[in-house]
Amino acid sequence: MFDDYDPPAPVLDPEDALEAKLRLGVLASNLIERADIMCTDVGILRTSITGQLLQTVASDFSKLVDAIEVLERRSVPATRQS
């Protein structure tokens with residue numbers, strides 16, 4: 001009967017969430033820099049795996065965005081969440 005109980009996600013302190021988002025932002029910036037290098041380096045562009053490498057970077061970036069969204073949701077007091 002209580003096996004389906006899903007406790008509410010913990011609420012994070014807004015300052016802690018902000019610090020975590022800043023750290024994720026640094027990682028995102030690094031991913032953007034890597035993508036820029038892959039798209040402008042002739043040596044890399046000549047390889048047959050450039051597309052695969054960019055797909056990996058895009059996937060990593062998407063995961064970072066998801067993590068930032070979780071932080072945003074969990075740093076808002078439950079009374080303000082919809």
Side-chain angles (χ1 to χ4, degrees):
M1 180 171 160
F2 294 104
D3 293 338
D4 294 335
Y5 176 70
D6 187 19
V11 176
L12 299 173
D13 176 71
E15 290 301 312
D16 291 341
L18 177 61
E19 182 178 341
K21 288 191 313 186
L22 285 170
R23 290 173 187 261
L24 291 172
V26 169
L27 291 173
S29 176
N30 181 270
L31 288 174
I32 290 170
E33 184 179 337
R34 284 177 43 204
D36 180 54
I37 290 168
M38 283 185 240
C39 291
T40 57
D41 185 304
V42 174
I44 294 173
L45 290 171
R46 287 186 177 153
T47 68
S48 62
I49 62 167
T50 305
Q52 182 181 358
L53 292 172
L54 285 172
Q55 184 64 39
T56 300
V57 170
S59 174
D60 291 347
F61 197 83
S62 177
K63 291 173 187 172
L64 282 173
V65 169
D66 292 343
I68 289 171
E69 288 175 345
V70 167
L71 287 168
E72 288 173 348
R73 282 194 307 272
R74 290 189 180 174
S75 66
V76 176
T79 56
R80 290 181 35 203
Q81 291 181 347
S82 51

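Screening residues 33-61 for salt bridge (charged side-chain N to carboxylate O under 4.0 Å, His left out), with sequence neighbours left out, gives no hits. Under the salt bridge (charged side-chain N to carboxylate O under 4.0 Å, His left out) criterion, the residue pairs touching residues 17-26 are Glu19-Arg23, Lys21-Glu72, with sequence neighbours excluded.
Val42 forms part of no hydrophobic cluster, judged by ILVMFWY side-chain heavy-atom separations under 4.5 Å. Hydrophobic cluster of Leu31: the remaining members, joined at side-chain heavy-atom separations below 4.5 Å, are Leu12, Leu24, Leu27, Ile32, Ile37, Met38, Ile44, Ile49, Leu53, Leu54, Val57, Phe61, Leu64, Val65, Ile68, Leu71, listed by chain and number.
For the residue pair Ser75 and Pro14, the shortest heavy atom distance occurs at O-CG, 3.8 Å.
Residues passing the side-chain hydrogen bond (donor to acceptor under 3.5 Å, both in side chains) test with Thr50 are Thr47, sequence neighbours excluded.
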